[in-house]
2 protein chains.
Amino acid sequence: MKSEIRNPQSEILNFPIGIFDSGVGGLTVYRALHERLPAERFVYLGDTARVPYGTKSLSTVERYGIENAKFLEAQGIKLLVVACNTASALALPAIGNAVDIQVVGVIEPGARAAVEIAGGKAIAVIATEATVQSGAYAKAINQIDPHRKVIERACPLFVPLAEEGWANSEVARSVAEQYLQDLRDADLGALVLGCTHYPILRDLISEVVGDIALIDSGEAAAAEVRSLLESEQLRASQTTSELAERRLCDDLDHFYVTDAAERFAKVAERFLGTAPSVLEAVEVWGHDELRTY
Amino acid sequence: MKSEIRNPQSEILNFPIGIFDSGVGGLTVYRALHERLPAERFVYLGDTARVPYGTKSLSTVERYGIENAKFLEAQGIKLLVVACNTASALALPAIGNAVDIQVVGVIEPGARAAVEIAGGKAIAVIATEATVQSGAYAKAINQIDPHRKVIERACPLFVPLAEEGWANSEVARSVAEQYLQDLRDADLGALVLGCTHYPILRDLISEVVGDIALIDSGEAAAAEVRSLLESEQLRASQTTSELAERRLCDDLDHFYVTDAAERFAKVAERFLGTAPSVLEAVEVWGHDELRTY
């Protein structure tokens, strides 16, 4: 970090954008952000020591989310994106209270995009158990349109299928049919992919549910982040020639994980076609002293 | 706890047996112990806040294992069973060093049982990614018979399938075929179920691999615990009339989870046909102060 800041605003706009996820799934959000904002640098934290969040409780997800957010804030970021749907659904207010930077989750952008595209019809949301139990998507949709019908459904096997690299397998097809086949006839206006892993299964989901608009909440959040940076004049000031050099996972984007960096790199390769150039394992929690009983 | 102990040995033998697992899977080991040792009381800890361990690193699994073991030791137990295969494979020495009670894992009992039954033929082991990477089963088997051929294979989708209650589904059958079909012709003497969840899929696995002896490491560990208690004269002294009253999950057995007790009770019901009478959420780590950067 610089020892002296002469022009805080011009410093801040070249700070990176922070992204955290429970693990590797948020890389789909990183990709969406990178595509829309090629001049920006990113700091990504995957909480691989405690993944998944989707089966955990409100208080635990809040605690994990705050620890992750504080770690990223300490890296010097201008904005925090909570890429994880579960953390966005359960812990966004707690995270917002815990840090001094602006925080963007994926639920509200996803909900807005779904309402816009659904043309008055019902909206289905597929997500983790915790996100579905929180009812966060239904609340966000009904805040925009109180009478809109929302169907929420947990699809817990989609995450391990995506991580296993079985997104296009016959097994994944059977699982998707089991979870989603009845939605084909539900006269939906939109289906929200309410978990960062689900875009990996996008083609398969689309085949099973038929001709319904799929909303990727990560894409919707990335669009919102771009608008926000523009309206607050916080876009990075890289030149065009520098931009031409940027590519996904290059060494200007820093990746941190709380465990098992090797496995993260392997799954990143599967999701993005490339592994991070800069990847480091860190601890984000205060466990220095073991509790004594 | 009693303030004064007049006869330490007779006190200790009525202490409960501690069991920990990364989550709910260790309930299959609890059941095996309960069946063989109906006079014993059990204290079970499921680390549901940090489950699963099977995709995590050595150092992380060691840290989690030590925290769990210390929590159970503080409850006053006479023996600790590490029901989790991953924790047994990666962290047994570290756990043994961290506590003053005797610690029994599931790897060595499973390996011994497999060698005994396999009659000189090759042994296959199915387990989590971390257990397979550790090579712990192959080491344990080759310590008994250095020339025995061991095939180790990770089956990561089995855990979510068992937890989802899909053990007998067509989807589970396709997954099992994908993972295991070639083992049918491998001329195996035994197949070790090297993860606490896998006994839930036992019938299905058996159909796919054909006529091969399946070894449940949890069952093998339970048998070993009984021998150990007998040889050290540590079996509980309940009377026959008291025993007749005991049933699985009654209020003499205490269950702790680190998160989401409700979900644990639901999956326990699915695994054991009954939910714990005494179930409490606890914290086993020293996270009281968030780290500051």
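Throughout, protein chains are lettered first and strands after them, A, B, ... in sequence-line order, and every chain is numbered starting at 1.
The distance from atom CD of A:Gln178 to atom CD of B:Glu170, rounded to the nearest 0.5 Å, is 9.5 Å. Residue A:Arg50 holds its CZ atom at 6.5 Å from OH of B:Tyr64, rounded to the nearest 0.5 Å. Taking CD from A:Gln133 and CD from B:Glu262, the interatomic distance works out to 6.5 Å, rounded to the nearest 0.5 Å.
Within the 4.5 Å cutoff, the side chain of B:Ser169 has no heavy atoms near those of the A:Ser174 side chain.
Contact detail for B:Val51 and A:Lys56: the closest heavy-atom pair is O-NZ, 2.8 Å. The minimum heavy-atom distance between A:Pro160 and B:Pro160, with the atom names listed, is CG-CG, 3.6 Å.
Of the two parts of B:Glu129, only the side chain, counted from C-beta on, holds a non-hydrogen atom closer than 4.5 Å to a non-hydrogen atom of chain A. Residue contact with chain B, scored on non-hydrogen atoms closer than 4.5 Å, is absent for A:Leu58.
Paired with A:Thr60 under the rule side chain to side chain contact (heavy atoms under 4.5 Å, CB included), one option of B:Asp259, B:Thr258, B:Thr48 passes, and it is B:Asp259.
Inspection of non-hydrogen atoms places no residue of residues 89-96 of chain B under 4.5 Å from chain A.
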Donor-acceptor pairs under 3.5 angstrom involving side-chain atoms of residues 202-209 of chain A: please list them, not counting sequence neighbours.
| residue | atom | partner | partner atom | Å |
| --- | --- | --- | --- | --- |
| A:Arg202 | NH2 | A:Leu214 | O | 3.1 |
| A:Glu207 | OE1 | A:Arg173 | NH1 | 2.9 |
| A:Glu207 | OE1 | A:Arg173 | NH2 | 2.9 |

